Amino acid sequence: MKVFINKRIPETGIKMLEEAGLEIILSENENLSHEEWLSYCKNTDTILNVGGDFKYDKKFFDACPNVKAIALYSVGFDHVEIKEATQRHIPIGNTPDVLSRATSDVAFLLMQSVARRASYNFQKVKDGNWNAFDPLHALGQELYGKTLGIFGLGRIGYEMAEKSKKAFGMNIIYHNRNHNEEAERELGAAYVSFEELIKNSDVLSVHANFTPEHKELFNYTLFEQMKSDSIFINTARGGFHNQKDLYQALVDKKIWGAGLDVTNPEPMSSDDPILGLSSVCILPHIGSATVEARNGMARLAAGNIIAFSKKEKMPYCANPDVYSDHAS
Ligand code: DGY
């Protein structure tokens, strides 16, 4: 069985696939054009997909009828039309849990970087602009006892809430599809309506799965309802926020700061004026970029392909309905 991999993954995953006797087709060019990618996909049975550049939609599945399974090298699956895949009995694997710590670490890092204007001050040092001690210039704010609002309290949101509670004694409020009983019990997290989350958070951190109805949910109208000294953090997907509105809300002092590991668009332009603001910190989607997380993702993605090759269920599957009798 052939496995097409569009970008090299850690050796541990490659080794697993080799030991399972699978034929690995590794893209020579790491930055494939859409046409190049499609021609690889037309000639494979399974795909181990790295990144969100390529969309797996109806058009793709029609064009590549040989593809029988896809293992994503990500926890997010917003680039896949899940319903379409399920109807065609194509399991879509993903990589939950192994990157929760690393991604929540980045949310926690951004929260502090923004609160203390770390990027701005680092840039000053690099620019040779140290300046004399100034009691009033570019002051940050402390996070002790403040309220952290989590939008989407799953595994990553839980880790962010736990760290913030332990480090700064933050009060946790959250909005989610379902109650998270563990967070309520262990962290004293309070379930609130979406409106309350927006109005009462000192730091609002997005950790939900991105779906089309979330497109630019965080826009100017919403930022206007937040506290004027609040911080917006997004480590989930750039599509959650309208970046021009975010910039304007910061300029108009509707909110105080923003930390992004995901941008809209992604990649964003280096000319984006938001980069010039002092209470902003932006990273290039590095949430899972640790040795530990990336090795874990490689193991899970390879394990999903291997399970499929043995006609077993993928252990980490984004569309488990594919295994039920009602899949089509
Ligand atoms: C994920 O796993 O979804 C990360 O955002 C990397 O794409």
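Predicted, not measured: the structure shown is a model, and the values here were computed from it. Atoms within a ligand are numbered from 1 in the order they appear, just like the ligands themselves.
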query: Distance-only, no hydrogens or angles: does the Asp261 side chain make a donor-acceptor pair with backbone N or O of Ile286 under 3.5 Å?
result: yes
task: List every atom of ligand 1 that sits less than 4.0 Å from any heavy atom of Gly76, numbering the atoms from 1 in the order shown and giving each element.
output: 1 (C), 2 (O), 3 (O)
field: Backbone or side-chain N or O of Tyr73 under 3.5 Å from ligand 1 N or O
entry: no
- request: Salt-bridge test for Lys2 and Asp45: reply yes if a basic N is under 4.0 Å from a carboxylate O, no otherwise.
  value: no
query: Quick one: nearest non-hydrogen protein atom to atom 2 (O) of ligand 1, plus distance?
result: Val75 N, 2.7 Å
Nearest heavy-atom neighbours spanning Asn295 and Pro10: OD1-CB, 3.2 Å
task: Considering the heavy atoms of Ser74, write down every atom of ligand 1 situated less than 4.0 Å from one of them.
output: 1 (C), 2 (O), 3 (O), 7 (O)
message: Tell me whether Asp62 is salt-bridged to Arg88, with the criterion being a basic N under 4.0 Å from an acidic carboxylate O.
response: yes
Heavy-atom pair with the smallest gap, counting every atom of Thr95 and Ala301: CG2-N, 4.1 Å
query: Applying a 4.0 Å heavy-atom criterion (strictly less than), which segment of Leu99 is in contact with ligand 1: side chain, backbone, both, or neither?
result: side chain
field: Polar proximity ligand 1 side, Ala236 side, N/O cut 3.5 Å exclusive
entry: no
statement: A student comparing Arg294, Met297, His285, His79 should find that the heavy atom closest to atom 5 (O) of ligand 1 comes from His285
query: Would you call Glu159 and Lys163 a salt bridge, using N to O less than 4.0 angstrom?
result: yes
